[in-house]
Amino acid sequence: MEYLTLNNGVEMPKLGLGVFRVTNLQEAEQTVVQAIEAGYRLIDTAAAYGNEEAVGRAIQQSKVAREELFITSKLWLTDNSYEGAKRGLERSLKKLNLDYIDLYLIHQPIGDVYGAWRYLEEAYQEGKIRAIGVDDFTQQKLVEFITFNEVKPAINMVEANVFHQRVEDHNLMKEYDVQMEAWAPFANGGNNVFELPELIKLSKKYNKSVAQIILRWFMQRDIIAIPKTVNVKRMQENIDIFDFELSAEDMDLIATLNSGEGFKLPEDGHAFKKTLDMLNQFTV
Ligand SMILES: NC(=O)c1ccc[n+]([C@@H]2O[C@H](COP(=O)([O-])OP(=O)(O)OC[C@H]3O[C@@H](n4cnc5c(N)ncnc54)[C@H](OP(=O)(O)O)[C@@H]3O)[C@@H](O)[C@H]2O)c1
(Lines give C-alpha, C1' and ligand atoms only; values in the text may rest on other atoms or scores of the structure.)
Protein backbone atom coordinates (compact mmCIF):
# COMPACT_ATOMS: atom_id res chain seq x y z
CA MET A 1 0.00 0.00 0.00
CA GLU A 2 1.21 3.50 -0.76
CA TYR A 3 0.48 6.47 1.49
CA LEU A 4 0.18 10.24 1.10
CA THR A 5 0.86 12.80 3.79
CA LEU A 6 -2.01 15.20 4.43
CA ASN A 7 -1.46 18.90 5.17
CA ASN A 8 -1.51 18.21 8.94
CA GLY A 9 1.13 15.47 8.74
CA VAL A 10 -1.31 12.53 8.97
CA GLU A 11 -0.54 9.63 6.61
CA MET A 12 -3.43 8.31 4.55
CA PRO A 13 -3.55 5.21 2.31
CA LYS A 14 -3.85 6.11 -1.38
CA LEU A 15 -6.38 3.36 -2.07
CA GLY A 16 -9.39 2.34 -0.03
CA LEU A 17 -12.75 0.62 -0.17
CA GLY A 18 -16.02 2.56 -0.45
CA VAL A 19 -19.23 1.11 0.97
CA PHE A 20 -21.90 3.42 -0.45
CA ARG A 21 -25.12 1.56 -1.32
CA VAL A 22 -24.07 -1.54 0.64
CA THR A 23 -27.24 -1.35 2.68
CA ASN A 24 -27.47 -4.97 3.70
CA LEU A 25 -25.63 -4.79 7.02
CA GLN A 26 -24.43 -8.38 7.00
CA GLU A 27 -23.02 -7.87 3.55
CA ALA A 28 -21.40 -4.58 4.58
CA GLU A 29 -19.75 -6.24 7.60
CA GLN A 30 -18.51 -9.19 5.57
CA THR A 31 -17.25 -6.90 2.81
CA VAL A 32 -15.17 -4.82 5.23
CA VAL A 33 -13.81 -7.95 6.95
CA GLN A 34 -12.75 -9.31 3.54
CA ALA A 35 -11.28 -5.97 2.49
CA ILE A 36 -9.09 -5.74 5.59
CA GLU A 37 -7.96 -9.32 5.01
CA ALA A 38 -7.14 -8.43 1.41
CA GLY A 39 -4.88 -5.60 2.62
CA TYR A 40 -7.18 -2.56 2.56
CA ARG A 41 -6.53 -0.14 5.37
CA LEU A 42 -8.77 2.75 4.28
CA ILE A 43 -12.54 2.26 4.56
CA ASP A 44 -14.91 4.99 3.38
CA THR A 45 -18.35 5.11 4.96
CA ALA A 46 -20.77 7.91 5.90
CA ALA A 47 -23.65 8.51 8.28
CA ALA A 48 -25.96 8.63 5.25
CA TYR A 49 -24.86 5.18 4.02
CA GLY A 50 -26.57 3.59 7.04
CA ASN A 51 -23.79 1.03 7.50
CA GLU A 52 -21.43 2.59 10.09
CA GLU A 53 -22.46 -0.07 12.65
CA ALA A 54 -21.53 -2.86 10.25
CA VAL A 55 -18.19 -1.19 9.50
CA GLY A 56 -17.61 -0.92 13.26
CA ARG A 57 -18.35 -4.61 13.79
CA ALA A 58 -15.90 -5.53 11.04
CA ILE A 59 -13.19 -3.37 12.64
CA GLN A 60 -13.76 -5.09 16.02
CA GLN A 61 -13.26 -8.50 14.38
CA SER A 62 -10.12 -7.49 12.58
CA LYS A 63 -6.73 -8.66 13.77
CA VAL A 64 -5.18 -5.53 12.29
CA ALA A 65 -4.32 -2.92 14.94
CA ARG A 66 -6.68 0.05 15.06
CA GLU A 67 -3.79 2.47 14.41
CA GLU A 68 -3.10 0.75 11.10
CA LEU A 69 -6.64 1.29 9.87
CA PHE A 70 -7.84 4.56 8.39
CA ILE A 71 -11.58 5.06 8.82
CA THR A 72 -13.46 7.83 7.06
CA SER A 73 -17.01 8.88 7.82
CA LYS A 74 -19.08 11.91 6.87
CA LEU A 75 -21.48 14.31 8.52
CA TRP A 76 -24.83 14.33 6.76
CA LEU A 77 -26.30 17.68 5.68
CA THR A 78 -29.18 17.60 8.18
CA ASP A 79 -26.40 17.99 10.81
CA ASN A 80 -24.69 20.92 9.10
CA SER A 81 -24.52 23.27 12.10
CA TYR A 82 -22.39 23.57 15.25
CA GLU A 83 -24.80 21.54 17.42
CA GLY A 84 -25.60 19.20 14.55
CA ALA A 85 -21.93 18.38 14.00
CA LYS A 86 -21.55 17.63 17.70
CA ARG A 87 -24.54 15.26 17.50
CA GLY A 88 -23.45 13.77 14.19
CA LEU A 89 -19.88 13.04 15.24
CA GLU A 90 -20.98 11.48 18.54
CA ARG A 91 -23.48 9.33 16.64
CA SER A 92 -20.84 8.22 14.11
CA LEU A 93 -18.32 7.40 16.86
CA LYS A 94 -20.94 5.38 18.71
CA LYS A 95 -22.12 3.48 15.66
CA LEU A 96 -18.57 2.75 14.56
CA ASN A 97 -17.71 1.87 18.17
CA LEU A 98 -14.51 3.92 17.93
CA ASP A 99 -12.71 6.44 20.17
CA TYR A 100 -11.61 8.45 17.16
CA ILE A 101 -12.25 8.67 13.43
CA ASP A 102 -9.29 9.16 11.10
CA LEU A 103 -11.05 11.45 8.63
CA TYR A 104 -14.42 13.13 9.02
CA LEU A 105 -15.88 15.06 6.11
CA ILE A 106 -18.68 17.56 5.67
CA HIS A 107 -20.64 15.43 3.19
CA GLN A 108 -22.37 18.18 1.24
CA PRO A 109 -21.53 21.89 0.78
CA ILE A 110 -25.01 22.95 1.87
CA GLY A 111 -26.43 24.66 4.96
CA ASP A 112 -24.42 25.93 7.93
CA VAL A 113 -21.10 24.39 6.97
CA TYR A 114 -19.23 27.11 8.87
CA GLY A 115 -21.02 26.23 12.11
CA ALA A 116 -20.34 22.55 11.51
CA TRP A 117 -16.67 23.28 10.81
CA ARG A 118 -16.33 25.23 14.10
CA TYR A 119 -17.32 22.09 15.99
CA LEU A 120 -15.20 19.79 13.82
CA GLU A 121 -12.19 22.06 14.48
CA GLU A 122 -12.77 21.63 18.22
CA ALA A 123 -13.21 17.86 17.92
CA TYR A 124 -10.03 17.73 15.82
CA GLN A 125 -8.09 19.68 18.47
CA GLU A 126 -9.45 17.28 21.13
CA GLY A 127 -8.24 14.25 19.14
CA LYS A 128 -11.66 12.82 18.31
CA ILE A 129 -10.80 13.15 14.61
CA ARG A 130 -7.28 12.95 13.12
CA ALA A 131 -8.13 14.98 10.01
CA ILE A 132 -11.14 16.99 8.86
CA GLY A 133 -12.19 17.71 5.34
CA VAL A 134 -14.91 18.57 2.88
CA ASP A 135 -16.80 16.93 0.07
CA ASP A 136 -17.98 18.20 -3.30
CA PHE A 137 -16.69 21.70 -2.62
CA THR A 138 -16.33 23.76 -5.79
CA GLN A 139 -13.13 25.75 -6.33
CA GLN A 140 -14.87 28.90 -5.13
CA LYS A 141 -16.31 27.31 -2.01
CA LEU A 142 -13.01 25.64 -1.15
CA VAL A 143 -10.97 28.84 -1.42
CA GLU A 144 -13.60 30.75 0.59
CA PHE A 145 -13.55 28.06 3.27
CA ILE A 146 -9.75 28.09 3.49
CA THR A 147 -9.75 31.88 3.72
CA PHE A 148 -12.31 32.17 6.52
CA ASN A 149 -11.41 29.20 8.74
CA GLU A 150 -8.55 28.43 11.06
CA VAL A 151 -8.06 24.76 10.19
CA LYS A 152 -7.63 24.11 6.49
CA PRO A 153 -9.51 21.08 5.11
CA ALA A 154 -7.09 18.16 4.69
CA ILE A 155 -9.22 16.60 1.93
CA ASN A 156 -11.73 17.62 -0.70
CA MET A 157 -13.52 14.49 -1.89
CA VAL A 158 -14.97 15.00 -5.37
CA GLU A 159 -16.35 12.82 -8.13
CA ALA A 160 -13.49 11.91 -10.45
CA ASN A 161 -13.06 9.25 -13.10
CA VAL A 162 -11.73 8.90 -16.65
CA PHE A 163 -14.72 10.84 -18.00
CA HIS A 164 -14.48 13.63 -15.45
CA GLN A 165 -10.80 14.02 -14.65
CA ARG A 166 -10.94 17.30 -12.66
CA VAL A 167 -7.53 18.49 -13.84
CA GLU A 168 -8.09 22.16 -12.98
CA ASP A 169 -9.75 21.33 -9.67
CA HIS A 170 -6.84 19.07 -8.80
CA ASN A 171 -4.32 21.78 -9.70
CA LEU A 172 -6.09 24.25 -7.43
CA MET A 173 -6.17 21.74 -4.57
CA LYS A 174 -2.45 21.10 -4.99
CA GLU A 175 -1.79 24.84 -4.95
CA TYR A 176 -3.68 25.15 -1.66
CA ASP A 177 -2.27 21.91 -0.21
CA VAL A 178 -5.64 20.17 0.02
CA GLN A 179 -5.52 16.49 -0.94
CA MET A 180 -7.97 15.38 -3.64
CA GLU A 181 -9.86 12.14 -3.07
CA ALA A 182 -11.96 10.59 -5.85
CA TRP A 183 -15.44 9.22 -5.37
CA ALA A 184 -16.94 7.00 -8.09
CA PRO A 185 -13.48 6.25 -9.58
CA PHE A 186 -15.19 3.79 -11.97
CA ALA A 187 -18.04 6.22 -12.71
CA ASN A 188 -20.12 3.74 -10.73
CA GLY A 189 -19.59 1.24 -13.55
CA GLY A 190 -21.47 3.51 -16.01
CA ASN A 191 -20.74 4.69 -19.58
CA ASN A 192 -19.28 1.26 -20.41
CA VAL A 193 -16.16 2.32 -18.58
CA PHE A 194 -14.76 -1.20 -18.49
CA GLU A 195 -15.18 -1.58 -22.28
CA LEU A 196 -13.47 1.55 -23.53
CA PRO A 197 -11.12 0.54 -26.41
CA GLU A 198 -8.29 2.77 -25.14
CA LEU A 199 -8.41 1.09 -21.73
CA ILE A 200 -8.69 -2.40 -23.20
CA LYS A 201 -5.58 -1.65 -25.27
CA LEU A 202 -3.70 -0.67 -22.10
CA SER A 203 -5.12 -3.66 -20.25
CA LYS A 204 -3.55 -5.98 -22.86
CA LYS A 205 -0.28 -4.05 -22.93
CA TYR A 206 0.26 -4.20 -19.14
CA ASN A 207 -1.49 -7.52 -18.58
CA LYS A 208 -3.74 -5.86 -16.00
CA SER A 209 -7.53 -5.46 -15.95
CA VAL A 210 -9.21 -2.23 -17.04
CA ALA A 211 -10.13 -1.59 -13.39
CA GLN A 212 -6.45 -1.89 -12.44
CA ILE A 213 -5.39 0.48 -15.24
CA ILE A 214 -7.89 3.08 -14.02
CA LEU A 215 -6.82 2.80 -10.39
CA ARG A 216 -3.12 2.91 -11.32
CA TRP A 217 -3.82 6.11 -13.26
CA PHE A 218 -5.25 7.65 -10.05
CA MET A 219 -2.24 6.50 -8.02
CA GLN A 220 0.19 8.12 -10.49
CA ARG A 221 -1.77 11.38 -10.29
CA ASP A 222 -1.49 11.23 -6.48
CA ILE A 223 -5.24 11.13 -6.08
CA ILE A 224 -6.75 8.93 -3.37
CA ALA A 225 -9.38 6.53 -4.75
CA ILE A 226 -12.01 4.47 -2.95
CA PRO A 227 -13.58 2.01 -5.43
CA LYS A 228 -16.62 0.14 -4.15
CA THR A 229 -17.05 -3.58 -4.59
CA VAL A 230 -18.76 -6.31 -2.61
CA ASN A 231 -17.01 -8.97 -4.68
CA VAL A 232 -13.93 -10.39 -2.99
CA LYS A 233 -12.16 -11.23 -6.27
CA ARG A 234 -12.61 -7.67 -7.52
CA MET A 235 -11.48 -6.38 -4.16
CA GLN A 236 -8.20 -8.29 -4.51
CA GLU A 237 -7.90 -7.19 -8.14
CA ASN A 238 -8.45 -3.52 -7.28
CA ILE A 239 -5.67 -3.45 -4.69
CA ASP A 240 -3.16 -5.31 -6.87
CA ILE A 241 -1.91 -2.18 -8.62
CA PHE A 242 1.38 -1.38 -6.95
CA ASP A 243 3.63 -3.55 -9.11
CA PHE A 244 3.49 -1.73 -12.44
CA GLU A 245 3.69 1.78 -13.82
CA LEU A 246 1.86 3.44 -16.72
CA SER A 247 4.17 5.31 -19.07
CA ALA A 248 3.78 9.06 -19.55
CA GLU A 249 2.46 8.35 -23.03
CA ASP A 250 -0.23 6.03 -21.66
CA MET A 251 -1.17 8.54 -18.95
CA ASP A 252 -1.67 11.00 -21.84
CA LEU A 253 -3.84 8.49 -23.69
CA ILE A 254 -6.15 8.21 -20.64
CA ALA A 255 -6.23 12.02 -20.45
CA THR A 256 -7.91 12.04 -23.88
CA LEU A 257 -10.99 10.30 -22.37
CA ASN A 258 -11.84 13.38 -20.32
CA SER A 259 -15.16 14.64 -21.64
CA GLY A 260 -18.13 14.75 -19.35
CA GLU A 261 -19.56 16.65 -16.53
CA GLY A 262 -20.26 15.05 -13.21
CA PHE A 263 -22.54 15.72 -10.29
CA LYS A 264 -22.99 19.43 -9.71
CA LEU A 265 -25.44 21.24 -7.48
CA PRO A 266 -27.82 23.10 -9.79
CA GLU A 267 -27.56 26.89 -9.80
CA ASP A 268 -31.20 27.29 -10.80
CA GLY A 269 -33.24 27.81 -7.61
CA HIS A 270 -36.09 25.40 -8.38
CA ALA A 271 -33.78 22.64 -9.52
CA PHE A 272 -31.62 23.23 -6.42
CA LYS A 273 -34.70 22.90 -4.18
CA LYS A 274 -35.53 19.55 -5.82
CA THR A 275 -31.97 18.34 -5.19
CA LEU A 276 -32.17 19.51 -1.58
CA ASP A 277 -35.45 17.64 -1.08
CA MET A 278 -33.91 14.52 -2.61
CA LEU A 279 -30.80 14.74 -0.39
CA ASN A 280 -32.92 15.44 2.68
CA GLN A 281 -34.66 12.10 2.21
CA PHE A 282 -31.58 10.37 3.59
CA THR A 283 -31.97 9.95 7.31
CA VAL A 284 -29.11 9.30 9.68
N1 LIG B 1 -18.73 11.83 -1.01
C2 LIG B 1 -19.65 11.58 -1.86
O3 LIG B 1 -20.46 12.43 -2.13
C4 LIG B 1 -19.67 10.23 -2.49
C5 LIG B 1 -20.57 9.95 -3.50
C6 LIG B 1 -20.53 8.69 -4.09
C7 LIG B 1 -19.61 7.76 -3.64
N8 LIG B 1 -18.75 8.04 -2.62
C9 LIG B 1 -17.75 7.04 -2.13
O10 LIG B 1 -17.02 6.55 -3.24
C11 LIG B 1 -17.14 5.13 -3.30
C12 LIG B 1 -17.04 4.64 -4.72
O13 LIG B 1 -18.03 5.21 -5.55
P14 LIG B 1 -19.28 4.41 -6.13
O15 LIG B 1 -19.63 3.33 -5.16
O16 LIG B 1 -20.36 5.37 -6.47
O17 LIG B 1 -18.81 3.78 -7.50
P18 LIG B 1 -17.45 3.17 -8.14
O19 LIG B 1 -16.49 2.73 -7.13
O20 LIG B 1 -17.02 4.12 -9.21
O21 LIG B 1 -18.03 1.89 -8.91
C22 LIG B 1 -18.58 0.82 -8.23
C23 LIG B 1 -19.11 -0.18 -9.27
O24 LIG B 1 -18.02 -0.81 -9.95
C25 LIG B 1 -18.11 -2.23 -9.79
N26 LIG B 1 -16.73 -2.73 -9.68
C27 LIG B 1 -15.86 -2.55 -8.67
N28 LIG B 1 -14.67 -3.13 -8.94
C29 LIG B 1 -14.79 -3.69 -10.17
C30 LIG B 1 -13.90 -4.42 -11.00
N31 LIG B 1 -12.65 -4.68 -10.63
N32 LIG B 1 -14.36 -4.85 -12.22
C33 LIG B 1 -15.63 -4.59 -12.61
N34 LIG B 1 -16.51 -3.89 -11.86
C35 LIG B 1 -16.09 -3.45 -10.65
C36 LIG B 1 -18.95 -2.46 -8.56
O37 LIG B 1 -19.67 -3.66 -8.61
P38 LIG B 1 -19.62 -4.80 -7.47
O39 LIG B 1 -19.81 -4.18 -6.12
O40 LIG B 1 -20.75 -5.70 -7.85
O41 LIG B 1 -18.29 -5.46 -7.63
C42 LIG B 1 -19.92 -1.27 -8.63
O43 LIG B 1 -20.99 -1.57 -9.51
C44 LIG B 1 -18.49 4.86 -2.62
O45 LIG B 1 -18.68 3.53 -2.23
C46 LIG B 1 -18.41 5.83 -1.47
O47 LIG B 1 -17.63 5.31 -0.43
C48 LIG B 1 -18.78 9.27 -2.04
Side-chain angles (χ1 to χ4, degrees), residues 13-23 28 31 35 40 42-46 48-49 51 72 74 105 107-109 133-139 155-173 179-206 208-241 246 250-266 271 275 278-279 282:
K14 276 172 91 170
L15 186 82
L17 179 93
V19 292
F20 184 30
R21 298 190 193 91
V22 191
T23 47
T31 298
Y40 287 79
L42 162 60
I43 306 294
D44 184 85
T45 183
Y49 300 171
N51 55 23
T72 302
K74 314 185 192 84
L105 304 177
H107 203 152
Q108 289 289 330
V134 296
D135 199 313
D136 284 327
F137 271 37
T138 59
Q139 292 194 16
I155 290 276
N156 187 17
M157 180 185 281
V158 293
E159 178 187 2
N161 45 62
V162 295
F163 307 113
H164 189 33
Q165 302 191 1
R166 317 288 300 232
V167 178
E168 285 172 17
D169 295 317
H170 188 210
N171 285 340
L172 182 100
M173 289 183 226
Q179 177 61 49
M180 176 164 150
E181 183 172 4
W183 63 259
F186 296 144
N188 198 19
N191 289 353
N192 295 324
V193 69
F194 298 112
E195 275 103 53
L196 295 175
E198 293 85 347
L199 297 182
I200 289 176
K201 184 179 146 199
L202 296 182
S203 161
K204 288 184 179 143
K205 175 174 171 184
Y206 290 93
K208 288 281 180 181
S209 70
V210 167
Q212 290 171 321
I213 298 290
I214 294 172
L215 294 173
R216 183 68 214 172
W217 168 75
F218 277 109
M219 298 299 101
Q220 289 181 214
R221 291 179 69 203
D222 277 338
I223 296 171
I224 293 168
I226 43 166
K228 173 261 174 188
T229 181
V230 290
N231 175 312
V232 73
K233 277 215 163 73
R234 287 176 174 174
M235 215 180 268
Q236 290 160 349
E237 173 188 329
N238 293 349
I239 203 175
D240 183 18
I241 55 167
L246 298 167
D250 293 333
M251 291 291 286
D252 290 346
L253 176 65
I254 300 177
T256 64
L257 301 174
N258 193 16
S259 59
E261 289 248 316
F263 168 79
K264 201 161 77 177
L265 287 169
T275 306
M278 184 270 290
L279 291 172
F282 282 90

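What you see is a predicted model, and the numbers here were worked out from it, not measured in a lab.
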Does Phe186 reach the side chain of Leu215, with side-chain heavy atoms less than 4.5 Å apart?
-> yes

Output a table of donor-acceptor pairs, distance under 3.5 Å, between side-chain atoms of residues 190-198 and any protein atom two or more places apart or on a different chain; print 'none' if there are none.
none

Look at the side chain of Glu159 and the backbone N and O of Phe263, then say whether any donor-acceptor pair between them is shorter than 3.5 Å.
-> yes

For the pair Glu181 and Asp135, evaluate side-chain contact (heavy atoms from CB on, under 4.5 Å) and give the outcome as yes or no after the intermediate values.
-> CA-CA 9 Å; Glu181 183 172 4; Asp135 199 313; over 6 Å; no

Side chains of Thr45 and Val22: closer than 4.5 Å at any heavy-atom pair?
-> no

Where Lys228 and Val230 come nearest, the two heavy atoms and their spacing = CE-CG1, 4.1 Å

In short, Leu42 meets Pro13 closest at the heavy-atom pair CD2-O, 3.6 Å

Got Gln139 and Asp169 here, is their nearest side-chain heavy-atom distance under 4.5 Å?
-> yes

Taken to the nearest 0.5 Å, the spacing of Phe218 CZ from Ile226 CD1 works out to 10.0 Å

Side-chain heavy-atom pair Asp222, Lys14 within 4.5 angstrom cut-off = yes

Which heavy-atom pair separates Thr275 from Pro266 by the least distance, and what is that distance?
-> OG1-CG, 3.3 Å

Using 30° and 60° as the class limits, which term best fits the ring planes of His107 and Tyr49: parallel, tilted or perpendicular?
-> perpendicular

Mind checking the NZ-CG spacing from Lys208 to Leu199? Nearest 0.5 Å is all I need.
-> 15.5 Å

With no hydrogens and no angle check, is any side-chain donor or acceptor of Asn51 less than 3.5 Å from a backbone partner on Val19?
-> yes

side-chain contact (heavy atoms from CB on, under 4.5 Å) between Leu17 and Thr229: does it pass, once the steps are laid out?
-> CA-CA 7 Å; Leu17 179 93; Thr229 181; 4.2 Å; yes

Side-chain touch Trp183/Phe20, heavy atoms, less than 4.5 angstrom | no

Neighbour count >12 (heavy atoms, 6.0 Å) for atom NZ, Lys205 | yes

How far apart are the closest heavy atoms of Phe163 and Asn258, and which atoms are they?
-> O-OD1, 3.2 Å

When you check the side-chain N and O atoms of Arg216 and Gln220, is any donor under 3.5 Å from an acceptor?
-> yes

Which heavy-atom pair separates Pro185 from Asn161 by the least distance, and what is that distance?
-> O-CB, 3.4 Å

With a 4.5 Å heavy-atom cut-off, do Asn188 and Arg21 have their side chains touching?
-> yes

Is there side-chain contact between Met235 and Thr31, with heavy atoms separated by less than 4.5 Å?
-> yes

Separation between CE (Met180) and CD1 (Ile224), nearest 0.5 Å, reads 10.5 Å

For residues Ala211 and Glu237, report the shortest heavy-atom separation together with the two atoms involved.
-> CB-OE2, 3.6 Å

From Leu15 CG over to Ile241 CD1, what is the distance, rounded to the nearest 0.5 angstrom?
-> 5.0 Å

From Ile254 CD1 over to Ile213 CD1, what is the distance, rounded to the nearest 0.5 angstrom?
-> 6.5 Å

Do Ile155 and Leu105 have side chains that get closer than 4.5 Å, going by heavy atoms?
-> yes

